[in-house]
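Shown next, in structure tokens, is the structure this report addresses.
Numbered from 1 within each chain, the chains take letters A, B, ... in sequence-line order. Values below: all heavy atoms of this structure, side chains included; hydrogens, waters and symmetry mates excluded.
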Amino acid sequence: MWAYAQRNAHKDTPKKLYYPNNPSDITYLCSMKLLSQYIKEAIQKLYGISQCPIEIQHTRKEFEGQYTLLCFPLAQYIKKSPQEIAQEIGTYLHQNSPYIHKFNVIKGFLNLSLSDLFWKAVVFKTLQENENFGKNEQGKGKKILIEFCSPNTNKPLHLGHLRNLLLGDSMANILQYCGYEVIRTNLYNDRGAHICKSMLAWQKFGQDKTPQTENIKGDYFVVHYYIMAENILKTQTHTILQKWENGNFEGIPQDIQEKYQILTQKLHELEQNPKKDLKKITQIQEDIRELAQTQTEWFKAVQNMLSEWEAGNQEILTLWKQMNTWVYQGFEHTYQKLNITFDRYDYESQTYLLGKELVKKGLAKGIFYQKADNSVWIDLTAEKLDQKLLLRSNGTSVYITQDMGTAVQRHEELNLYQSIYVVASEQDYHFKVLFSILKKLGYEWASRLYHLSYGMVYLPTGRMKTREGNVVDIDALINEMYQVAQKATQDLGKTEGLNEQELTYLYHQLALSAIKYYLLKVDPQKDIVFNPEESIDLQGNTGTYLQYTYARIQGIFRKAQEKDLVHFYHAKTDNYNQLHTTERNLLVHLYRFEEVILQAAQHYSPALVANYVYELCRLYAQFHHEVIILHDSNPDAIAFRVQLNAICGRIIHQSLKLLGIQPLERM
RNA sequence: GCACUCAUAGCUCAACUGGAUAGAGCAACUGCCUUCUAAGCAGUAGGUUACAGGUUCGAGUCCUGUUGAGUGCACCA
């Protein structure tokens with residue numbers, strides 16, 4: 001099971017617009033919103049219609065042009081066929097703008113080709129001069145808290161956490177790039193029965209041992225005892241079950257016996273049923289096992305320790321702190337390897353009592369209700385959710401109560417604009433309920449809470465379970481990929497000129513890029529089947545390809561610098577006017593960077609950045625293949641290409657950083 | 001039983017959120033290294049977008065139903 005989380009309107013005439021005095025005006029021409037302004041004015045001129053929908057999209061690459069106006073929706077406003085309309089608007093724009101030098105009409109699609117003058121004088125210039133192209137200030141003055149990773153402290157981090165960590169880290173980067181002040185927090189689920197299990201096992205078998213004496217990472221050290229505890233529990237449960245099956249209920253309370261009888265009866269019925277509902281049968285079997293488990297010595301000892309912990313038993317608290325510290329040290333090591341950092345850590349042991357006051361408040365307001373046994377509930381059936389317990393009959397809080405408290409506390413203390421929870425999709429329901437409760441309590445920020453839900457990561461053998469040992473943990477995965485990268489590099493004979501330290505860095509970063517890109521390029525919502533042997537490739541659509549492209553770009557850049565081409569030719573790029581197709585394609589795509597960043601932030605999807613940068617690298621590879629950047633009879637061409645090369649490098653660099661990948665200067 | 005999510009080439013993923021002839025990579029086959037990194041480029045082949053209806057100028061995308069897979073429905077976290 002995963003670790004749970006705590007888990008402008010323009011008033012100028014069209015003509016003026018096409019000949020802007022201020023260069024910054026022109027840059028907006030590319031923004032489809034502004035292009036739509038011009039088209040609106042064309043329609044106004046041609047047909048005298050001022051209110052109609054303008055739909056523009058990027059032209060698909062199998063057609064000529066860069067922007068496409070969809071004329072189908074216009075047909076009902078202008079009483080003509082979409083083709084006719086496309087033809088007329090195209091002609092008008094062509095005649096009235098030097099930037100639109102060509103157009104073609106296919107069915108109701110008007111494909112506009114902007115002139116090389118536009119791509120050179122406007123786009124290229126913008127990219128060249130604006131070092132921060134792509135950055136925006138959408139989030140200026142707004143503070144966002146993003147909670148991610150959020151593991152239990154009884155076992156090492158595995159693939160599920162990895163996807164979580166990468167999504168959280170990348171999302172935080174993207175939001176920062178959009179001007180938000182981002183606070184990264186990690187909420188440790190540091191209390192509960194699972195921790196007590198490790199503690200008990202250590203007390204019994206490991207008193208004299210520490211991670212240092214055993215020379216292993218702290219989290220591995222602790223999980224060793226956790227598994228030990230689970231095995232004891234399993235054995236004891238098995239013994240009890242056997243007794244029960246033989247009718248021996250010595251020392252078992254009456255109510256447990258009755259429950260057992262009811263369950264076995266149900267199981268019997270299900271097994272007799274010709275339909276054989278396997279899912280239900282396993283469910284009942286699991287219920288029986290859990291029932292037996294509650295009667296084991298070990299389980300009782302765990303429960304006992306848990307209450308001692310809650311009562312503040314010093315000896316236990318000291319041990320608890322010690323165990324957790326070992327785990328944290330292990331985790332930190334893994335974060336470091338991943339190159340991921342947090343701004344703060346929250347601990348469930350410090351938040352689990354929060355939220356009770358809120359429940360009282362809600363009760364007073366009549367938002368919640370109390371049952372006869374004193375437990376407190378909320379009825380969300382009107383929103384197609386169920387009734388949900390908020391406070392137990394003994395007055396203690398449950399998971400959601402503390403999440404309510406934590407949310408309110410954070411927002412009040414930090415004055416947050418928004419909180420984002422990166423938590424697996426199995427908790428979709430929990431967050432729906434949580435957000436709904438907070439809205440009902442009247443917090444204005446509640447409507448901006450966001451659950452960044454992501455699909456599960458499965459192995460080809462199915463779901464990972466720590467208890468069953470079929471887990472791919474992060475450290476092992478990194479090591480494995482490190483070796484793959486090392487072997488590939490050595491086989492290709494690319495180790496020359498690098499010392500051992502540089503090689504270690506190279507292999508490590510290559511391993512990380514492969515892993516990170518592989519997990520981030522997939523839409524967060526979708527499940528991933530992860531095959532350690534086959535899934536991670538070094539060729540094609542991979543992190544390695546991105547690094548390779550970047551390294552080549554930097555190689556050329558260095559060579560250009562050696563030849564002093566960068567500065568020498570800088571002034572001459574203006575003379576280069578006839579663009580190669582691959583050059584134009586690159587400029588078109590480079591210019592979309594800004595838009596992609598906004599989309600990624602809006603949809604909470606680093607995958608959009610990943611797909612963007614892959615496409616950019618592909619276009620660059622074509623460009624690189626078609627022209628020889630540093631050799632041409634026309635020096636102006638070289639000047640331009642050296643600059644274009646540098647711009648590609650910059651945007652790829654930036655994209656990789658947003659994905660949490662460290663770009664490599666050579667490989 | 002109820003709720004939510006997913007289903008696209010043999011495999012892993014796209015498709016700018018309703019637009020054109022559904023695109024990439026891997027695997028297979030074929031070409032390209034005496035000028036910048038071949039971890040690359042170009043090409044061939046591969047599809048009734050799970051199935052059936054519906055909405056409209058237009059559906060992989062929206063609605064309904066069917067099938068299949070996953071997840072959730074605890075006084076656990």
> Between rA9(B) and rG23(B), how far is it from one C1' atom to the other, in whole Å?
Replying inline: 11 Å

> If you measure from the C1' atom in rU56(B) to the same atom in rU67(B), how many Å do you get, rounded?
Replying inline: 27 Å

>> Using only modelled atom types and a 3.5 angstrom limit, is any donor from either the side chain of Thr68(A) or the base of rA20(B) paired with an acceptor on the other?
In response: yes

> Under the criterion side-chain contact (heavy atoms from CB on, under 4.5 Å), which of Leu390(A), Asp379(A), Val376(A), Ile378(A) is the partner of Tyr369(A)?
Replying inline: Asp379(A)

> Counting only side-chain N and O atoms of Lys521(A), is one of them less than 4.0 Å from OP1 or OP2 of rA24(B)?
Replying inline: no

>> Say we look at rC76(B) and rU64(B): how far apart would their P atoms be, to the nearest angstrom?
In response: 36 Å

> Taking NZ, NE, NH1 and NH2 as the nitrogens, is one of them in Lys432(A) or Glu383(A) under 4.0 Å from a carboxylate oxygen of the other?
Replying inline: no

> When syn is taken as a glycosidic angle within 90 degrees of 0, is rU17(B) syn or anti?
Replying inline: syn

>> Tell me whether Asp190(A) contacts the main-chain N or O of Ser349(A) through its side chain, where contact means a donor paired with an acceptor under 3.5 Å.
In response: yes

> Distance from Phe530(A) atom CZ to Leu162(A) atom CG, nearest 0.5 Å?
Replying inline: 7.5 Å

> Of the nucleotides rU17(B), rG25(B), rG40(B), which has the atom closest to the Asn541(A) side chain?
Replying inline: rG25(B)

> Does the base of rC16(B) carry an N or O that pairs as donor and acceptor with the side chain of Arg592(A) under 3.5 Å?
Replying inline: yes

>> Can you tell me the base-pairing partner of rC73(B)? Count Watson-Crick or G-U wobble geometry only, both distances below 3.5 Å, and say none if there is no partner.
In response: rG1(B)

> Does the base of rA20(B) carry an N or O that pairs as donor and acceptor with the side chain of Asn111(A) under 3.5 Å?
Replying inline: yes

> Taking CD from Gln622(A) and C1' from rG23(B), how many angstroms apart are they, rounded to a whole number?
Replying inline: 13 Å

>> Can you tell me whether the side chain of Lys494(A) and the base of rA39(B) have a donor-acceptor pair closer than 3.5 Å?
In response: yes

